[in-house]
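In what follows, a structure is listed as C-alpha cells, so that the remarks can point back to it.
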Amino acid sequence: MLKQPMWVASGFYSHHHCHFRNPSKLPPKPPSSAIPTVVAMSASHQNKQSHHSETTPTVIENFPIPLSPQLPLISKQIELNRATIATSNSELFTLSKNHIIYEDEFLLAVNKPQGIYCDNVLTSLQSQNSVTAELHLANRLDRDTSGVMLITKSHKVASKLVKAFTDHKVKKTYIALCTGVVPDWKTITVRSGHGRSKFGAWRVYGFSDAGRGLPGGSVVREMETSFEVLSVNGKGSFREVAELGFEGSSLVVVEEKAVKIDGGDDRNEIVVRAYPRSGRTHQIRLHCQYLGISIIGDVKYEGVYEWNGVIHDGHHLHAETLSFDHPVTGVHVMLHAPLPQWANQALQLQP
C-alpha cells in the first residue's frame, strides 16, 4: 500500500500568526521572461570556439524552481491503465436525462461521471437529433473529476461565458476526499505560482515567480484556492456553499517547499470543499498535495492508490457547484451536481 506523505506548508504567513511573512513586504515580481545569467567561457572552450570573440559570453537561463515533488514513478503505469479504460468507456458513453441537471434554450448543464472524457459527453449530445449543432464546452473537467459541466448552445452565448470565466465572474466549488495529517485550520486560502516543469508536469511554484519564463516558452501564472474542512474521519457537518468566501481565513503565500512531518498520523480521512479563485490545470489537486492532504486515488500528486483495502480507479474530486449570471437573462444561476457515493459515505449523508 502506498503511504500518504505528511506535509505542512512552510514559508507562509497567517492572519492569526503575526510572526509569519507580511504579503505587502513580499519582494517585487521578476520580469515576465526568465532571468539570464551571463558567465565567461573557460579558456579551453574559447580555444574550441576560436571563431568567436574572446569576450563573447555564454547565456544560461535561470528558470524558477518548482516547489512540489516530481510525479511518483508508480503513477505513469497507473495513469496509462486508467486512460485506456476511460477511452473505451467514453466511446460507449451515452448521455441520458438522468445526467442533465439544468437546461434552457441557451444552456445545458450535466453531471459528468468519473472516468469519462468531456469531449465524449459533447459527442454524445451532438449525436442526439434534438439538440443544436453549435454546442460548446463552457468549462472542462479532468477525466476522473465528476460534477457540473456547462455546455452552451450557440456561439454568441459561448463567447459571453468565456468572458465571464476570464473575468472571474463564474464561481465554482469542489468536494475532495483526502488523506493525511488532520489540518490545524478550519479554512485556509493558498496563493502560489503554477506552471509546467521541464518534464512537462504541472507543478507548484513560488507566488513571487509569477510572470517568469519556463522551459518551452510558457510562464508561471498565479493560482489561488480557498479550502474549508467539512469532516474528519466521518465527524463534521455538511454546510452550504459560502459564495462570498470566508471571514478571517488564514492566508498561505507559497514561497518555499512544503516540509515533511515525521511521526504524524497520516491515516485520517478528510473531506474538504475547495473554492478555486483561478482556473489553472489541476489547481485543486496541486494545492491539496502542497497542504499535505493529497486526494485519494490521485496518484499523480501523491494520493494513495489503495485505501482501507480498496483499490481506487480514479481520484475523488467532484465539481459540486457552478454559479454565474445568466449570459442572456442576467438572472443569477447556481447549478448543483448531486454528490457521488463516496462523498455521501464520507460525510455520512443519505444518498
Side-chain angles (χ1 to χ4, degrees), residues 1-9 66-86 113-116 141-147 174-185 188 190 199 201-204 225 227-236 257-274 281-320 339-349:
M1 170 181 165
L2 297 179
K3 287 289 288 179
Q4 167 71 26
M6 295 165 286
W7 307 89
V8 293
L67 302 181
S68 56
Q70 295 183 25
L71 303 186
L73 292 177
I74 194 173
S75 69
K76 184 175 181 180
Q77 187 59 50
I78 292 174
E79 283 293 301
L80 180 61
N81 292 340
R82 287 177 178 177
T84 301
I85 295 170
Q114 183 188 59
I116 300 295
L141 299 176
D142 295 337
R143 176 194 68 217
D144 292 334
T145 301
S146 58
Y174 291 74
I175 299 288
L177 180 60
C178 310
T179 59
V181 177
V182 177
D184 60 0
W185 43 266
I188 200 167
V190 184
F199 302 106
W202 295 108
R203 307 280 286 280
V204 170
T225 315
F227 294 91
E228 63 174 332
V229 175
L230 295 181
S231 75
V232 175
N233 298 324
K235 297 179 180 179
K257 290 184 177 181
V259 178
K260 185 176 181 180
I261 301 176
D262 293 322
D265 181 8
D266 65 343
R267 293 289 304 172
N268 300 287
E269 190 173 275
I270 304 154
V271 180
V272 296
R273 176 181 280 135
T281 303
H282 299 178
Q283 173 173 329
I284 295 168
R285 298 164 63 185
L286 283 163
H287 276 167
C288 281
Q289 178 192 32
Y290 188 84
L291 290 172
I293 51 170
S294 290
I295 299 171
I296 289 178
D298 192 2
V299 293
K300 275 191 174 183
Y301 302 115
E302 301 184 304
V304 291
Y305 176 53
E306 180 184 344
W307 181 249
N308 291 338
V310 177
I311 300 296
H312 294 272
D313 297 326
H315 60 248
H316 288 346
L317 180 63
H318 179 70
E320 176 192 24
L339 294 179
Q341 183 179 4
W342 58 258
N344 284 316
Q345 290 177 342
L347 292 165
Q348 298 188 353
L349 300 173

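Just so it is clear, the values below take in all heavy atoms, side chains as well, and ignore hydrogens, waters and symmetry mates. Please read all numbers here as calculations on a predicted model, not as lab measurements. One-based numbering along the sequence shown.
In terms of modelled atom types and a separation under 3.5 Å, the side chain of Thr145 and the main chain of Leu141 share no donor-acceptor contact.
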Take Ile85 and Asp313, measure what side-chain contact (heavy atoms from CB on, under 4.5 Å) needs, and give me the verdict at the end. CA-CA 10 Å; Ile85 295 170; Asp313 297 326; over 6 Å; no
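In the displayed structure, Leu73 atom CG is contacted under 6.0 Å by at most 12 heavy atoms of other residues, nucleotides or ligands.
Of the inter-residue distances, the one linking Leu347 atom CG with Leu230 atom CG reads 6.0 Å to the nearest 0.5 angstrom. Considering SG of Cys178 and NE2 of His315, their distance stands at 11.0 Å, rounded to 0.5 Å. In this structure, CD1 in Ile295 is found 7.0 Å from CZ in Arg285, a value given to the nearest 0.5 Å. Here the CG atom belonging to Asp298 is positioned 11.0 Å from the NE2 atom belonging to His316, to the nearest 0.5 angstrom. The line from OH of Tyr305 to CD1 of Ile311 is 5.0 Å long, rounded to the nearest 0.5 Å.
Pairing each heavy atom of Lys257 with each of Tyr290, the nearest pair is C-OH, 3.9 Å. Contact record, Leu317 with Trp342: N-CZ2, 3.6 Å, taken as the closest heavy-atom pair. For the pair Ile293 and Val272, the tightest heavy-atom approach, listed with the atom from each and the gap, is CD1-CG1, 4.0 Å.
By the side chain to side chain contact (heavy atoms under 4.5 Å, CB included) test, Val182 pairs with Val232, Asn268, sequence neighbours left out. With sequence neighbours excluded, the residues that form a side chain to side chain contact (heavy atoms under 4.5 Å, CB included) with Ala346 are Leu177, Glu269, Val271. Listed by chain and number, the residues in a salt bridge (charged side-chain N to carboxylate O under 4.0 Å, His left out) with Arg203 amount to none (sequence neighbours excluded). Asp144 meets the side-chain hydrogen bond (donor to acceptor under 3.5 Å, both in side chains) test with no other residue; sequence neighbours excluded. Residues that satisfy the side chain to side chain contact (heavy atoms under 4.5 Å, CB included) test with Ala274, not counting sequence neighbours, are Tyr174, Thr225, Phe227, Ile284. Partners of Gln77 under the side-chain hydrogen bond (donor to acceptor under 3.5 Å, both in side chains) rule, at least two apart in sequence or in another chain, are Asn81. Residues satisfying the side-chain hydrogen bond (donor to acceptor under 3.5 Å, both in side chains) test with Ser146, not counting sequence neighbours, are His318. With sequence neighbours excluded, the residues satisfying side chain to side chain contact (heavy atoms under 4.5 Å, CB included) with Ser75 are Leu71, Pro72, Val299. Every side-chain hydrogen bond (donor to acceptor under 3.5 Å, both in side chains) that Glu320 has, sequence neighbours left out, goes to Thr173, Arg273.
Using a 4.5 Å cut-off on side-chain heavy atoms (C-beta onward), Lys300 and His282 make contact. Counting only heavy atoms from C-beta outward, the side chains of Ile270 and Pro183 approach each other to under 4.5 Å. Two residues are said to be in side-chain contact when any heavy atoms from C-beta on lie closer than 4.5 Å; Asp266 and Thr179 fail this criterion. Contact annotation: the side chain of Gln114 never approaches that of Pro340 to less than 4.5 Å [non-hydrogen atoms, C-beta and beyond].
For the pair Arg267 and Trp307, the cation-pi test (distance below 6.0 Å, angle within 45°) is passed.
Sorted by first and then second residue, the salt bridge (Lys or Arg N to Asp or Glu O under 4.0 Å) pairs involving residues 67-80 (not counting sequence neighbours) are Glu79-Arg82, Glu79-Arg143.
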